[in-house]
Structure formats: C-alpha cells, structure tokens
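These figures come from a predicted structure and were not determined experimentally. In what follows, chains are A, B, ... by sequence order, proteins preceding strands, each numbered from 1.
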Amino acid sequence: MQYNHQEIEENWQKFWAENQTFKASSTSEKPKYYVLDMFPYPSGAGLHVGHPLGYIASDIYARYKRHKGFNVLHPQGYDSFGLPAEQYAIQTGQHPAKTTEANIATYRKQLDKIGFSFDWSTEVRTSNPEYYKWTQWIFIQLFNSWYHKDTDKAEDISTLISIFKKSGNAKVNAVSDEDIAFFSAEEWNAFSTTEKEAILLQYRLTFLSDTEVNWCPGLGTVLANDEIVNGVSERGSHPVVRKKMTQWSMRISAYAQRLLDGLETIDWPQPLKDSQTNWIGRSQGAMVSFDVANGTEKVSSEVKLSYKELEALKELRQNLSKAETILWDELKNKKGAAKFRKKYTIGAFLVDYVCLAKNIIVEFSGKEEEAARTEFFAKEGFNVVRFTNEEVIENVLSVVSKINAAIQFPKAIEKGAKKEVALTAKNQYKIAVFTTRPDTIFGVSFMTLAPEHELVSKITTDAQKAAVEKYITATAKRSERDRMADVKTISGVFTGAYAIHPFSGEKVQIWIGDYVLANYGTGAVMAVPCGDQRDYDFAKKFEIPIPNIFEGVDISEEAHTGKDATKIANSDFLSGLKYKKALKLSIFEMEKRGFGYGKINYRLRDAVFSRQRYWGEPFPVYYKDGMPQMIDAKHLPIVLPEVEKYLPTEDGKPPLGNATAWAWDSRAKKVVSNEKLKNKTVYPLELNTMPGWAGSSWYFNRYMDAANTAEFASKEALDYWKEVDLYIGGSEHATGHLLYARFWQKFLFDKGIVPVDEFAKKLINQGMILGTSAFVYKATAFVKEGCGCADEKSNDDVLNKIPTVLVSKNLFSSDDEFETVVKNYLMDKGFLSPLNADIVMIVKTEIHADVSLVNTSDELDVDAFKNHALNAAYKNSEFILEDGVYKVKREVEKMSKSKYNVVNPDAIVAQYGADALRLFEMFLGPLEQAKPWKTSGISGVSSFLKKLWKLYFNEEIFEVSKEKATKEELKVLHKTIKKVQEDIERFSFNTSVSTFMIAVNDLTTLKCNKRAILEPLLVLLSPYAPHISEELWSKLGNKKSISTADFPVFDAKHLVESAKNYPISFNGKMRFTLELSLDLSKEEIEKAVLVHEKTIAQLEGRTPKKVIVVPGKIINIVG
RNA sequence: GCUCAAGUGGCGGAAUUGGUAGACGCGCUGGAUUCAAAAUCCAGUUUUUUCGGAAGUGCGGGUUCGAUUCCCGCCUUGAGUACCA
C-alpha cells in the first residue's frame, strides 16, 4: 500500500482538532511543562519555510514531554497590534482590524497544515479588547507604583505619599527623575492637588515627562532606542531625528541592576545575555564635582544662553502654538505698567510671558524643571502664574482675569526660599563628571564638556567667545550620523575658563569637544590623557600636558588603558597603590571631603512608551488640569475608538485626535462624544497609544488562564504554571521584547501578582534559514565608441539585431571568455556580422531567477523562465546551453521576495507532506545555527518516510508479526531509544533525524516486521513525524492517540557486547582494527595485539616504547 | 575599535567526557529495472598514491601515548555594539 501523506495528514489534523487532543489541563496531577514560541506578528506576506523552524522544534519538545508524562502547555497567539497593518491602512483606507484578521486567517491555515500540537483554546491576540484590558490594567499598576531602593522593589504609591506626609522627600530613597526639589512634610501638605500630582509623576514607574525622543517623521511617531538600527527606523528604514516631546515613559532604569542579576539565574544563550548586559551598560565609578575657578580673566556678567537655546528662542518667538497665540492676543494689548513681553529670558530660563514692571511671569505648565524654575524666579522676585494649554484654549477670558488678579494681589514671596538661594548663588559654577577611574584623578590635566553642555555659555571668557561659538555652530550643523561615523577627527576648543582640581587645587583648562556626548553621564568628562586614549589624542592635538601617573609605564606613544597590574604614581595619597585599592581609597577620600561619591551608572535609558499611532492599545488615561488621571480598573477596557483616517490631525496631534467620541465622562464613567468636553466633569482622553512591546511583555502569563474575565490570570493558574520552561524564538528580540518582558515580570513579581521574577527558565534562539538564490548570466551588448569614422546610425542597427542572451554557468570561467562565447553564438546564429564583431562589447550581469524554476541539479526550466510573470523582458531571449541544459549559479542569501528565493511551506507540504517538512527542517542542521535551505535535500527524508511505511507492509497488506524480536533487532531499537532521548534533551534535533534513518535502514536490512520493535519505534518518531506515526499506530490497533503513549524505556542490557572491534593506532594514528573479546585483561590485549602480523609489519622491526590499552576503547602503540 | 560566535569533502552537516575524522542526507559516477522517463534498488564517492600505503578538520605553535575537541598567537567570516568617560 502506498504512503499517501495528503490523506493521512488531513485526517489526523482533523482528528486532533475535533478531539482537542492537545488541550492542557489546569487540574492535572502530572508535573507541568510550558513550551512557548515567541509571539508571531501576523504579517500579510504569510510564512516562508524559515518561520516554522522554531515552531517545529518547540512542537517536538512539547510532544516529547507529553510522552514523558508531563502536562504540557503549548499555546499560540498573535501580537496583532503594530505598524505594518497601520501603514497598510493609511495607504488603502482599510481598517487595520480587518487586514489583521485576514492575515491571521492565512497564518492559521498555514500553521494548521504543519501539524502543530498547539492548544488553540488558549489563543490570545493583543489587539483584542478582552486582552488589552489587562495591558491597560498593568499600565495602571505601574502608574500607581514607585521604586523603593531600601526594599529594592516596587511599592504602591500610597506608601510614598505617607512618607511625604510624615517627613517630606529629603530622605526618600527612590528611583526618580533627576533634579528633584526638596520639600518638607509641611510643604507637602500645603501643596495643591495638582502640585502633588506633578511631584508624584517624578516617582511613578510610568510617568509623563518632556524627553528627548527619537522622532521618525517618515512613520509619524517616536521610536524606542531598540527600534532604531544604524540611525534609521527598524521598520521601513526612515530617518530619525531628536526631538523634545511630552511622552509616557517606563522607569525601566529602576530595574537595571536586577535585570543584570537575573541573567545569572536563567538558562539563556550567552550571546543574548551579553547583548542585554551590554545594553544595560553598567559602569561603576564616582561622581566628582569640580569647581570652576573665578579666574583673573573677566567672565562676562550677563546671563547667557547656549547656542541651541538662542536658536530655539528665535524660532519660538515666530512660531507660537495655538494656545500661545490666543493668550498673546489678549496680553499684548495691555499697556503701561502691565505691559507683557513674550518669550523672554529670565536668567537662564525662557519664559512664555513676563510683565517686568509687576514682576509677574505667565507660563504654560508642563515645562521641564518646573520646580527649579519656580525657585529661581522666586529668588529673582517674580511671581509665577501657570496655565495649561486646554485652559487657555477653552476659556481664555477666565485665564486673563486670573492674571489680572495676580497683578493686583501679588503673592508674598517666601523668605526661606530666598535665603537658601542667596547662599547657593554665592557659590561659583560646578562641573559634575562621572568617571570609572577615580583612581586616576591625579592624572587630570584638563576637562572636556559636550558642546551642548549648559555651562559652556556661562563660563566662556570674552576672549574665547568667538571661537567657542564658531565651534558650536559647526558641530550643530553636523548630523548625528556624521558625528557617529567620523570618530577619527579630533576637534575641540578652549573655553578660556579653568576648573580647580579638587585634590591638588591646581587649575586645569576647560575645553569643549564633540567626543563628549551630551546625553551620557553628565555631558562632561575629567580628562586623564595618560589613561584614556581619546583624552590622550585630544591632549596631543591641542598640546595639553600629559602627566604620567603610572609607575614604570611608557606613555609617549599611547595611553595606558590597562588597570589591574599597574601601580599608581605621582598621586599624593594614592601613589604606590594598585587599581582596586586606589579606587576604593579615592572614593573614600572624595566622600570624606565632600566633593564626590561612589556611583554606578547605567547606559540603559527609561523607555519611551507613547506612540503617535492608531493601531495600538489606548491608554486608560484622561487629563484634568493638565495632570494625567487613571481610569478606574473596573471601567476597562477603554476600547480603541473609530477614526475616519489613520493619519495625524491637521494640527499635528496623533491619529486618535481624529476620533469624535474620545472624552471621558467622569460621572457616567464612560467614553463620550468630544462635544461634551464643555461639561465640567468631562475630560479629554490620552491621544497616544502604547508601543508594540506593551502587549508582548506579559502575554506568556495570560496563556496560563486565557479565558479569565475577572483577573489577569487566576492565582491558581499562575502558581501551577509559574513560568515558561522552554522559550524558542529569534535573536532579534534580545534588547527589545526580552528586556521589557523581564522588566514587567519583575514589576509584577514585586507587586505579588506573579509568583516568579523571571518568566522564561530556558531560552533558545533558532537560527535563520537562508535562501539559496539562483542566478542567470545575462549578456548586454554595447557598441564601442570613439572610432570617429563610422556614423552612429549603422551602429544602432548592429545593436538592434542582437537579442538578449543568457549563458549557462559552466561555459566560461572569465569575463573575456564570456564575451567570446556570446559573440561566437551571435555570429553562428547570424545576429551579428563578423565584420562588426570588433566594435561590439559584451558585458556580463547576474540576475536573480525564481528558485521554483530550478531543479535539484541546478538546471533552469527555460520555457517556464521565459513565460514567468516577472520575466516579460526575457520572453524572446536566447539561451546558450551546456549539454542541452541551462545551469544556474547558486548563492546563499537571506530569504526575501526581492531575491526570488522564498520557499513557501504550503508548496512543500502539498508535495512531500508535513511530516517530511518537519523532519527536513530539523535535519538541515543545528537549531541555533543559520543554514541555507535547499529544497532538493528533502527527497532524503521523503524516502525515509516511504521506507518506514514499508516496514509495516507486506506488499499491499498491513502486516506485523507477533514473533519475539531478535537480539539484533532489540539492539537497533534500544540504540535508537537512547540516542533519540539524549538528542531531544539537548535540543540536537538534526542528529536524531539521522538516527531514525539509520534505524530504518538497519531494520530494513534485517527485514524486521516485529510489533515488539515497530510499535515503540512509532512513539520515538511521533514528536517529529506525528501524522504517519498516528496512522501506523492506529493501524496497529491502538484506539487512543499516540500522543498519550509512554515513551519507550531504554534498557542497556540490549546493547551489551561480548567483543569489540578495537582500533589499533600507532603514535595516535589508526592503522587497522582488530576484533577482541571484551573479557580480556589489559595484558592479554597487549599480547594479542603485539603478536598480530599487521602490528609487526607496522613496527618494521622496531620495539614499541609503550603500549596504551584503554579496554573497550582503543589501543595505541608508541614507537 | 570593542564584545561574542563560528571555520571539517562538491553541498547541509556528524564525531556527547581528549580515543577509529567525514555518520546521516543531498549532489555526482557507474550498474539493475524500464520501450523511455519518473520512482525504486545495488555499488562507489576527502585528497594523493609506486595500490603497500601516506597526508588531512582555517594558519602557526604548545600540552598529551593520542587533539576537530584543551592552551597560546594569528587569519577569515558572521552577529551585536559603538566616541559610554
């Protein structure tokens, strides 16, 4: 009977679906095992053969674990929010939900054909409101939490509030924004609700702030650092620029250390751990503060703004926002003592409006460093009045009347604040730096600030002013990419100012240079040229002294960057010490003297969480008095509203700004029409949506209890399944999904919501499957120029006669030979007159041919190629063949549509079957490695399946014998059991496919048809080739699915041998083998070998110096 | 530049603790079957050879009775990251 894969596979796929064979039980006595694939994004292009690789591996493991008696959870779902569907929606006007739904349907159909044992009853989709309800819920939990460094975990915001109430914020040890103003308990209690909320935002784990973000104009949204590759967007490769915007952020930096520590506890690939470690970028060192000298050179007294600020100011005066214009229209009419100015600088701050005569500042709220501004303005004797954009737009008259009130009844400025500020004002400027080498502080010979550093304009002397400004202008012009690409050019300029070395008291020059990055550390470095190559190069270029503080080290050529072995010299109290001790002592001294302290810096930035896109989770947030408010969890989900178009609004708001019903009625507790915004209890809702990683950061927990409507997942389910035991997916998620998901998991763990703080115990990165592209060689003819005698027209005639010619691969070995071959062909066929042969030039180009047109022997189907839809240009081409066929060149490349090398799994399944596809994908090579796909290879596993099938048949009749298995047959079976089990457990799936082949070859040779062998063999094979195994299993008379069968138990007694075919080597080289009994002692073996005639021949009369005998392994004769 | 991973036949790859290098499969060569093709089956397939052998796992050293495997240096390829103080 013929093996008919189509019928068999269809039947069993139907059987599994109908019987819910792979549904996981949550009330099982069995031990649990959770196998998960990384969340797929259902793209419109569908699957190619590279995609199922990881799914097949995880499916094999899941099925194996079921045979081994585990209760296995093996779910699947879709990360269905995201950019591609939205880009498509913008282009076609189709609702992303619709296209997503269609893509999922295609995806599912393709998956089903491969025979995966997914438990589809737990399917989740991130774009489903029942799912994102809980994503919103987690967001609220984050909002209501702060990170307490004392307990080293996230706590409810209420514990922070109670500390504030009792003792203010001076002693709170929390992860927060930088530059937080201190306040006492009394002050806290006196703050207005809005003020309190503004302060709490600085502590919450998700918070709203003005941050420099990566704005991508091409996509119309901001991007996280991990969504940018080489300065352009990961999706679509659009340029990205820096821009300041008010955004939701996630305080992932609070977890930096724990994210590092957690890596120690999980079994993940080292390269992945390395890249997370790298991304987090921990560096241990010290913060040191250098005073700027009040030098002899005159420092200009007027308050200056940095170049950037001045440029921004000019622009701002001209381009007022809508709210600003409305308010200015009212204020500008005021005359006399109440005259207002717009965009005016007070100190280093830019204020929106100021009335100088009445000392009133009017500002829009939500600016950076609001507390610091207030403090500074108070010191200068100004009263500050703040309004939100919305207040002004909605009722400008009430705003104006409040301003009038402030002019008439100025608030008394607190004396305490004034006194404190006066004290600090006496102090000169300080430059804070972070260094990982405080032990080399005596090697500091200058300092370098980033050109953007705020102090630059304030400390630059008049003499250097022109040079500094010129340099800053020049740097500002260079794009981010230019600066990144050009590392070699050393540039900088002296500010004229000096800093005081905190230990030695010496004056060191302060420079600016663009090798110092504004957004890392403090944007300033203490330069130690003898110990840092960049500082060294800088010092050399500008002839700054390079003091040597290393004992016995030559620094005339380059800096000495090593640290461990070298002793410090010329360094006062640090002299003679090695790195470790000097480091500790230097920090100790700094702390004692009060100008520095030990600090650990992380490169990891807080993650921007807002996206100006439509197709994402809406935030459960509305705004009241400019302050974000969470919607109570019981009113979730806040469902994504319908919009007419998916583009930003005309005034630049995100797409949700197009929604007509997007306001929160705080009384009715529901989303209502925007028209009701006039009501006092109706507020605008957040217009941003969440980023793609929101839904994928916790989905693995949802699978444990996917249908739960009351909770994110029940406690019982979470406690039973705990974490993913095996997680398989691509390495591209290393610093995105996998870092964010670990962060959320740790947060949920802190809040007692999940029982473990790492969500995946073991992770495997499957390698990419590459395509084997096919190329044809195309000949293009040109006419040589410059003869000067012939007229152009006749040359055109020559060219017009020449058709496109394609040359088979092995007909030439050089470009010259190629030209000759083509010319000879053209002349033979009469396309080219021999008279014109010399004026024609032939150039070779390689073009991709669709791989489906090429057979296993690299031969092109010429007719199919000519008639291929994409090859209209070659319809009338001539082909130069070799031995009657056209051979193509093959090359391994990434699988992609543009390279015509994409192989669709559906086609493979139709022709060879899902079992063959599964076996072949595994057979290609180690799971973790990248490897090329070559469809020709599949015939090997296909004939294996046919051979296996044959073992169970006597011609047309299914027939297995009840006879006892022979020793030989049992040996084959048990060898296979042992090897397959070992292979699966170390995820070496390719070698177990070989093992099956060997077993079937051996059993065929032995003509074995014993049930005792063939029945357990099916269980071994069933994780790999489940359909054929089920079919033969049921033919053997079994009523239940093979997935319920126990894995065969290995018995070593079947492998016991009485003799061993020993390899006999001479000086380590194997020369011949000799069969000897395993009962022999070492001495007997040695004797037997030495008297053997081949040994004597090998030795050629020499006496062996030594004979190594490893019983059961090898014999080595030295001599 | 730095970090990590990997280099084995014509190709994908195997060799699990240092113990017979090239399993298994593709491709190729020859044969059987067939009117012929496909499919199937059999034999061969690292290089070299005076047919006894000899050499051989990117290159050069080392440790060892014995190294694809361990150590040192170098070369090549791939991935990540990038003026990170």
Side-chain angles (χ1 to χ4, degrees), chain A residues 229-230 269-279 281-283 285 433-437 440 448 483-490 513-517 519-528 531-535 537-538 601-603 731-732 734-735 765 767-768 772 856-858 890 892 919-920 923-926 928-941 943-944 946-947 950 979 982-983 986 988 990-998 1001 1061-1073 1097-1098 1104-1110 1112-1119:
Chain A
V229 179
N230 295 328
Q270 198 55 43
L272 199 162
K273 287 188 186 181
D274 289 347
S275 90
Q276 289 209 349
T277 307
N278 208 331
W279 193 260
R282 180 185 202 269
S283 49
V433 298
F434 176 73
T435 174
T436 54
R437 296 295 303 275
T440 64
T448 317
R483 265 175 82 172
M484 263 163 63
D486 181 19
V487 181
K488 299 243 161 59
T489 319
I490 300 156
D514 69 1
Y515 80 96
V516 177
L517 302 178
N519 50 12
Y520 182 75
T522 61
V525 299
M526 58 172 226
V528 183
D532 182 289
Q533 195 57 44
R534 287 157 310 167
D535 294 345
D537 296 340
F538 195 87
N601 236 16
Y602 299 92
R603 196 174 69 108
S731 55
E732 67 274 18
T735 50
N765 285 133
M768 211 190 311
T772 312
T856 56
S857 309
D858 296 348
R890 307 222 76 163
V892 173
L919 284 167
F920 186 54
F923 187 63
L924 282 177
E928 303 91 330
Q929 242 168 60
K931 56 235 158 202
W933 175 276
K934 234 179 144 182
T935 305
S936 55
I938 204 169
S939 64
V941 292
S943 58
F944 156 75
K946 286 181 203 158
K947 264 192 202 169
K950 270 197 196 161
K979 178 88 171 111
E982 281 170 2
D983 283 348
R986 60 194 179 99
S988 173
N990 55 327
T991 50
S992 41
V993 178
S994 301
T995 307
F996 289 129
M997 290 177 173
I998 294 167
N1001 288 346
N1061 196 20
Y1062 278 97
I1064 314 296
S1065 31
F1066 291 80
N1067 297 320
K1069 285 261 159 211
M1070 203 281 286
R1071 291 308 176 213
F1072 63 93
T1073 58
Q1098 273 292 332
K1105 285 186 192 132
K1106 204 171 173 186
V1107 178
I1108 312 276
V1109 177
V1110 186
K1113 277 261 165 88
I1114 197 168
I1115 292 139
N1116 190 20
I1117 297 163
V1118 190

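- Minimum atom distance to the side chain of A/I1114 is reached by B/rG19, of the listed B/rG19, B/rG80, B/rU81.
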Write down the protein N/O and nucleotide N/O pairs, taken from nucleotides 28-34 of chain B, whose separation is under 3.5 Å; answer none if there are no such pairs.
{"residue": "B/rC28", "atom": "OP1", "partner": "A/S857", "partner atom": "OG", "Å": "2.8"}

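- Across B/rU40, B/rC26, B/rA85, the shortest atom-to-atom separation from the side chain of A/R534 is found for B/rA85.
- Distance from the side chain of A/M1070 is smallest to B/rA21 among B/rC4, B/rA85, B/rA21.
- Every residue meeting the salt bridge (Lys or Arg N to Asp or Glu O under 4.0 Å) condition with A/D532, not counting sequence neighbours, appears here in chain and number order: A/R534.
- OP1 or OP2 of B/rC2 has not a single side-chain nitrogen or oxygen of A/N278 nearer than 4.0 Å.
- Partners of A/N1067 under the side chain to side chain donor-acceptor pair (under 3.5 Å) rule, at least two apart in sequence or in another chain, do not exist in this structure.
- With sequence neighbours excluded, the residues satisfying salt bridge (Lys or Arg N to Asp or Glu O under 4.0 Å) with A/K979 are A/D983.
- Using a 4.0 Å cut-off, no side-chain N or O of A/R603 falls inside it from OP1 or OP2 of B/rU81.
- Scanning for salt bridge (Lys or Arg N to Asp or Glu O under 4.0 Å) contacts around A/E982 gives A/K978, with sequence neighbours left out.
- For A/S939, the side chain to side chain contact (heavy atoms under 4.5 Å, CB included) test picks out no residue, with sequence neighbours left out.
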Identify each atom pair where a protein N or O and an N or O of nucleotides 9-15 of chain B are less than 3.5 Å apart, giving names and distance.
{"residue": "B/rG12", "atom": "O2'", "partner": "A/L924", "partner atom": "O", "Å": "2.4"}
{"residue": "B/rG13", "atom": "O3'", "partner": "A/N990", "partner atom": "ND2", "Å": "3.4"}
{"residue": "B/rA14", "atom": "OP1", "partner": "A/N990", "partner atom": "ND2", "Å": "2.9"}

Show the distances under 3.5 angstrom between N or O atoms of the protein and N or O atoms of nucleotides 55-58 of chain B.
{"residue": "B/rA55", "atom": "OP2", "partner": "A/R1071", "partner atom": "NH2", "Å": "3.2"}

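- For A/K946, whose side chain is taken as the heavy atoms from C-beta onward, the closest listed nucleotide among B/rU20, B/rU40, B/rG19 is B/rU40.
- Taking A/D858 as the reference, A/R890 meet the salt bridge (Lys or Arg N to Asp or Glu O under 4.0 Å) condition, with sequence neighbours excluded.
- Nucleotides B/rU29 and B/rC35 are separated by 24 Å at their P atoms, to the nearest Å.
- The side chain of A/N1116 approaches B/rG19 more closely than any other nucleotide in the set B/rC24, B/rU20, B/rG19.
- For A/Y1062, there are no ring pair (Phe, Tyr, Trp, His ring centres under 6.0 Å) partners at least two apart in sequence or on another chain.
- Taking the side chain to side chain donor-acceptor pair (under 3.5 Å) definition, one finds that A/K947 meets it with A/N1001, sequence neighbours left out.
- Within the 4.0 Å cut-off from OP1 or OP2 of B/rA85, at least one side-chain nitrogen or oxygen of A/S283 is found.
- Judged as a ring pair (Phe, Tyr, Trp, His ring centres under 6.0 Å), and not counting sequence neighbours, A/F944 has no contacts.
- For A/P271, taking side-chain heavy atoms from C-beta onward, the closest of the listed nucleotides B/rC4, B/rC83, B/rU20 is B/rC4.
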